[in-house]
Chemist: 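Let me begin by handing over the structure; questions about it come next.
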Amino acid sequence: VHVTPLGVGEAFDPAEPNASVLVEAAGYMLLIDCGHSAVAPLWRTCPAPNDVDAVYLTHQHADHVLGLIPVLDRWAYDGRSKALAIITSQKGIIQLQALLTAGFIAWDDRSPFPIHFRTAQETTHIGPFAASFAPTIHDVPNVAIRLDHAGRSFAYSGDGRPTAQSAALYDGVDLLLHECFVPQRADDLPFHCDLPTVLTLTGAARIGLYHIKASQRPAMREAVTAHHRVFVPEACSRLVV
Ligand SMILES: [Zn+2]
């Protein structure tokens with residue numbers, strides 16, 4: 001399993017791309033989240049229109065979904081023919097369809113390539129991956145995802161603080177990418193995670209941090225050096241799971 005984080009930036013980051021990640025196994029590619037500033041790194045990493053098989057969206061915030069309009073637009077422009085699965089919550093599908101309509105993206109039978117919407121609730125597999133899900137605590141509903149393939153496992157939190165269910169979801173994973181806004185405990189942040197809270201997730205063998213507050217990125221890189229399990233991935237680095 002190969003995992004490529006396209007960025008580790010926060011929602012309003014002036015330099016680092018938004019959180020978004022490509023996960024590949026057995027010739028299948030899943031894009032998880034697609035924020036507005038993840039578009040250019042996605043195009044650099046994965047320029048061909050048929051490369052991505054499916055998209056999973058953890059929640060509907062702008063820094064996780066707005067990039068989908070230019071991405072789908074380019075795939076249509078470049079002659080994509082392959083069907084695309086888009087997986088998110090039931091309510092998220094309705095919001096997303098309204099967003100695509102506003103962006104002049106045809107998502108029904110007028111679409112230049114088939115788009116199949118599917119809820120996470122009804123999803124047990126995505127391509128070669130067994131998929132499982134758990135909610136986190138965020139200011140809009142956010143659902144973390146775990147993917148298992150050939151004895152290897154990867155999980156991605158989306159945004160928010162962990163719940164008992166999401167902490168259990170991460171148990172035994174080889175790599176977890178988790179939102180982490182600041183390096184110090186921040187009980188005043190009800191909907192974002194901090195490093196001490198991430199460190200309570202003892203079930204994950206390795207944890208990469210993203211959605212790091214721009215002003216805190218140097219401090220975060222410094223803070224993780226004390227924890228061998230935890231790191232800050234470079235944008236567009238290719239991680240082997
Ligand atoms: Zn969010």
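Keep in mind that the numbers below use all heavy atoms, side chains included, and drop hydrogens, waters and symmetry copies. As the structure lists them, so they are numbered: ligands from 1, and atoms in each ligand from 1.
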Chemist: Could you tell me whether the Zn ion (ligand 1) has an N, O or S atom of H59 under 2.8 Å away?
Modeler: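 Within the cut-off used here (under 2.8 Å), H59 does place an N, O or S atom near the Zn ion (ligand 1).
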
Chemist: Which word best sums up how the rings of H64 and H211 line up, parallel for under 30°, tilted for 30 to 60°, or perpendicular for over 60°?
Modeler: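 Correct class here is parallel.
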
Chemist: Under the rule for side-chain hydrogen bond (donor to acceptor under 3.5 Å, both in side chains), what residues qualify as partners of D194, not counting sequence neighbours?
Modeler: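 Listed in chain order: R161, T197.
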
Chemist: Answer yes or no as to whether an N/O/S atom of H64 is found below 2.8 Å from the Zn ion (ligand 1).
Modeler: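 Given the 2.8 Å cut-off, H64 does not count as a ligand of the Zn ion (ligand 1).
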
Chemist: In H61, what N, O or S atom is nearest to the Zn ion (ligand 1), if we give its atom name?
Modeler: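 Among the N, O or S atoms of H61, the one closest to the Zn ion (ligand 1) is ND1.
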
Chemist: Are Y210 and Y156 close enough that their ring centres sit under 6.0 Å apart?
Modeler: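 Ring centres of Y156 and Y210 closer than 6.0 Å.
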
Chemist: Please report, to 0.1 Å, the donor-acceptor pairs under 3.5 Å made by any side chain of residues 100-114, with sequence neighbours excluded.
Modeler:
{"residue": "T101", "atom": "OG1", "partner": "Q97", "partner atom": "O", "Å": "2.8"}
{"residue": "T101", "atom": "OG1", "partner": "W107", "partner atom": "NE1", "Å": "2.8"}
{"residue": "W107", "atom": "NE1", "partner": "Q97", "partner atom": "O", "Å": "3.2"}
{"residue": "D108", "atom": "OD1", "partner": "R110", "partner atom": "N", "Å": "3.0"}
{"residue": "D108", "atom": "OD1", "partner": "R110", "partner atom": "NE", "Å": "3.2"}
{"residue": "D108", "atom": "OD2", "partner": "R110", "partner atom": "NE", "Å": "3.3"}
{"residue": "D108", "atom": "OD2", "partner": "R110", "partner atom": "NH2", "Å": "2.9"}
{"residue": "S111", "atom": "OG", "partner": "A106", "partner atom": "O", "Å": "3.3"}
{"residue": "S111", "atom": "OG", "partner": "F113", "partner atom": "N", "Å": "3.3"}
{"residue": "S111", "atom": "OG", "partner": "F113", "partner atom": "O", "Å": "2.5"}

Chemist: Short question: side chain of E179, backbone of G160 - any donor-acceptor pair under 3.5 Å?
Modeler: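 At least one qualifying donor-acceptor pair exists.
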
Chemist: Among the N, O or S atoms of H138, which one sits nearest to the Zn ion (ligand 1)?
Modeler: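 Restricting H138 to its N, O and S atoms, the minimum distance to the Zn ion (ligand 1) goes to NE2.
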
Chemist: Counting backbone and side-chain atoms alike, does D159 have an N/O/S atom under 2.8 Å from the Zn ion (ligand 1)?
Modeler: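 Yes - counting backbone and side chain alike, D159 has an N, O or S atom under 2.8 Å.
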
